[in-house]
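We use all heavy atoms of the structure for the numbers below, so side chains are in, but hydrogens, waters and symmetry mates are not. Keep in mind that what you see is a predicted model, and the values were worked out from it rather than measured. We name chains A, B, ... by the order of the sequence lines, and we start the count at 1 in each one.
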Amino acid sequence: MRVVVQEEALDPYKEIKHHEETVLESGKHGGVVSFVGTMRDFNDGEDVSAMNLDHYPGMTEKHIEQVCQEAMDGWDVMDVLVVHRVGDMYPSDPIVLVAVWSAHRASAFDACRYVINYLKERAPFWKCEVTKAGKKHWVEHNSKDPGVAESREKAV
Amino acid sequence: MRVVVQEEALDPYKEIKHHEETVLESGKHGGVVSFVGTMRDFNDGEDVSAMNLDHYPGMTEKHIEQVCQEAMDGWDVMDVLVVHRVGDMYPSDPIVLVAVWSAHRASAFDACRYVINYLKERAPFWKCEVTKAGKKHWVEHNSKDPGVAESREKAV
Amino acid sequence: MEIDVKFFASLRERMGRTSDKVTLDGDVATVSDVWNQLSSEPIPNNILVAVNKEYTDLSQELKSGDEVAFFPPVTGG
Amino acid sequence: MEIDVKFFASLRERMGRTSDKVTLDGDVATVSDVWNQLSSEPIPNNILVAVNKEYTDLSQELKSGDEVAFFPPVTGG
């Protein structure tokens with residue numbers, strides 16, 4: 001399990017490859033499911049040109065690690081990798097990577113979904129968007145994405 | 001939508017990047033869910049040292065395209081990419097990539113899962129394994145992975 | 001009528017060839033008739049059938065030039 | 001007792017500072033007492049509270065040296 005919160009640009013697929021080459025035993029996992037969240041150039045109907053992502057150093061990592069541990073305990077998975085970017089970013093930048101390796105793809109899908117859902121619900125991050133018109137505002141609530149309750153039910 | 005069946009080695013994450021850079025409009029998708037299936041060095045308790053994947057040229061592509069179209073029709077997704085390798089391969093080689101882009105991660109997870117499940121069920125591929133002892137045999141049935149029925153129910 | 005036949009995977013090895021051509025007399029023929037021309041043994045239980053690259057079954061009627069494929073259950077992905 | 005306080009996101013801007021230190025008299029104090037020392041206004045409805053980097057609520061009792069954080073709902077990922 002590896003959890004990283006970083007200001008540097010995130011290259012999600014380089015991170016997956018690096019993790020596979022350095023941490024995972026070759027030839028043992030049957031598959032990897034990954035989610036990469038990228039910054040959109042719109043939100044709630046407004047054009048967005050930049051974003052600053054604030055976080056609580058220490059607490060953020062701790063809560064992501066808790067969610068990853070729950071996923072490792074809840075499904076038959078071999079490893080979980082999360083890399084999350086903070087600070088200033090721009091449309092189409094990758095913000096977050098969640099990758100889950102497993103011998104069985106059903107477990108990998110379930111666990112990956114669990115991690116991204118709970119990371120979004122519990123990990124302390126705050127988005128401050130800058131619109132094309134130059135106005136800065138804090139995002140007040142996460143865009144609702146179905147699936148959190150559903151994913152929670154599946155955790156054992 | 002892009003479906004490729006190839007003998008060349010598969011670099012799944014290069015394919016995702018290439019697709020994003022050449023086909024997708026920048027800044028519009030919120031996330032991408034991908035599944036990468038890799039060759040394991042064991043199956044049903046036996047050590048496996050190599051594999052040949054046979055397919056039915058034309059029919060294989062056609063059925064993968066049908067499954068991808070069902071996913072595009074069934075969920076709110078922006079694009080689907082499938083690259084599948086055939087021919088001779090070795091443990092830890094990537095065999096298949098399914099990537100789904102969407103504005104909403106729940107749709108991307110559902111659609112990606114649907115594609116890999118039905119690809120495995122319907123697309124004509126046949127595995128011929130070579131054991132460490134040098135014995136060659138055709139795999140008789142797909143290793144059962146739960147989730148096919150479940151995923152089918154979600155398709156609208 | 002003339003039918004193109006293809007075999008895959010373990011069935012290809014068992015039949016000793018990757019493809020074949022069969023000529024059937026008369027105007028009406030099914031996939032079953034094609035198999036019976038190819039082999040004196042009954043078709044194995046688990047063998048799947050495709051005509052022109054779509055799954056179907058032994059009762060499907062054929063027209064001249066159709067491509068009929070026989071293969072074992074798929075095990076890919 | 002001495003308490004370290006942190007603010008994040010829009011609340012940090014509203015409070016005009018990223019962190020603070022408050023000193024409370026007596027042996028028993030809760031997160032509420034900390035807030036009341038920081039502001040004459042009631043704590044906004046949606047503000048979340050963490051003590052030593054774990055979510056909690058206003059009624060939690062504190063010990064000297066605890067780190068108390070106040071922040072709006074999370075919007076990350």
Side-chain angles (χ1 to χ4, degrees), chain A residues 11-18 20-21 24-43 47-49 76 90-110 112-114 116-117 120 143-148 150-151 154, chain B residues 11-18 20-21 24-43 47-49 76 90-110 112-114 116-117 120 143-148 150-151 154:
Chain A
D11 184 339
Y13 302 116
K14 203 171 134 186
E15 296 285 346
I16 290 177
K17 269 196 173 165
H18 182 255
E20 289 188 349
E21 284 164 11
L24 287 163
E25 204 184 342
S26 170
K28 297 305 175 197
H29 68 273
V32 50
V33 171
S34 69
F35 172 79
V36 175
T38 50
M39 188 181 153
R40 289 187 292 179
D41 61 8
F42 62 94
N43 190 22
D47 286 342
V48 178
S49 62
D76 178 18
Y90 300 92
S92 89
D93 280 1
I95 305 173
V96 56
L97 160 71
V98 178
V100 176
W101 287 265
S102 174
H104 305 285
R105 68 181 186 280
S107 298
F109 273 104
D110 285 339
C112 186
R113 200 163 178 160
Y114 182 90
I116 185 62
N117 284 347
K120 282 187 182 250
S143 55
K144 275 283 161 270
D145 207 335
V148 170
E150 159 219 352
S151 168
K154 282 186 192 153
Chain B
D11 184 338
Y13 302 116
K14 202 171 135 188
E15 297 284 346
I16 291 178
K17 270 195 174 167
H18 181 256
E20 290 189 348
E21 285 164 11
L24 288 163
E25 203 185 343
S26 170
K28 297 306 173 197
H29 68 272
V32 49
V33 171
S34 70
F35 172 79
V36 175
T38 49
M39 188 183 152
R40 290 188 290 181
D41 61 8
F42 62 96
N43 190 21
D47 286 341
V48 177
S49 61
D76 179 17
Y90 301 91
S92 89
D93 280 0
I95 304 172
V96 55
L97 160 70
V98 178
V100 176
W101 287 265
S102 175
H104 305 285
R105 67 180 188 281
S107 299
F109 273 105
D110 284 338
C112 186
R113 201 163 177 160
Y114 182 88
I116 185 63
N117 284 348
K120 282 188 183 250
S143 55
K144 275 282 163 268
D145 206 333
V148 171
E150 158 218 353
S151 166
K154 282 186 192 152

| request: Before giving the answer on side-chain contact (heavy atoms from CB on, under 4.5 Å), spell out for Phe35(A) and Ser34(B) the whole-Å C-alpha distance, their side-chain angles and the decisive distance to 0.1 Å. | output: CA-CA 7 Å; Phe35(A) 172 79; Ser34(B) 70; over 6 Å; no
| task | Just give me the residue among Gly31(A), Pro94(A), Gly30(A) that pairs up with chain B most often, heavy atom to heavy atom, under 4.5 Å. | result | Gly30(A)
| task | Starting from the C-alpha separation in whole Å, work towards a yes-or-no answer on side-chain contact (heavy atoms from CB on, under 4.5 Å) for Val36(B) and Glu20(A). | result | CA-CA 12 Å; Val36(B) 175; Glu20(A) 289 188 349; over 6 Å; no
| said: Minimum heavy-atom separation for Phe42(A) and Lys28(B), please, with both atom names. | reply: CE2-O, 3.6 Å
| said: Under 4.5 Å from any heavy atom of chain A, what part of Asp11(B) do you find: side chain, backbone, both or neither? | reply: side chain
| request: For Lys120(A) and Arg105(B), work out which heavy atoms get closest and say how close. | output: CD-NH1, 3.2 Å
| said: So which residue, His29(A), Met39(A), Lys17(A), ends up with the most heavy-atom pairs under 4.5 Å with chain B? | reply: His29(A)
| Sub-4.5 Å side-chain heavy-atom contact between Phe109(B) and Cys112(A) | yes
| Stepwise side-chain contact (heavy atoms from CB on, under 4.5 Å) test for Asp41(A) and Glu25(B) | CA-CA 11 Å; Asp41(A) 61 8; Glu25(B) 203 185 343; over 6 Å; no
| In terms of heavy-atom pairs under 4.5 Å, which option from Ile116(A), Leu24(A), Ile16(A), Thr38(A) contacts chain B the most? | Thr38(A)
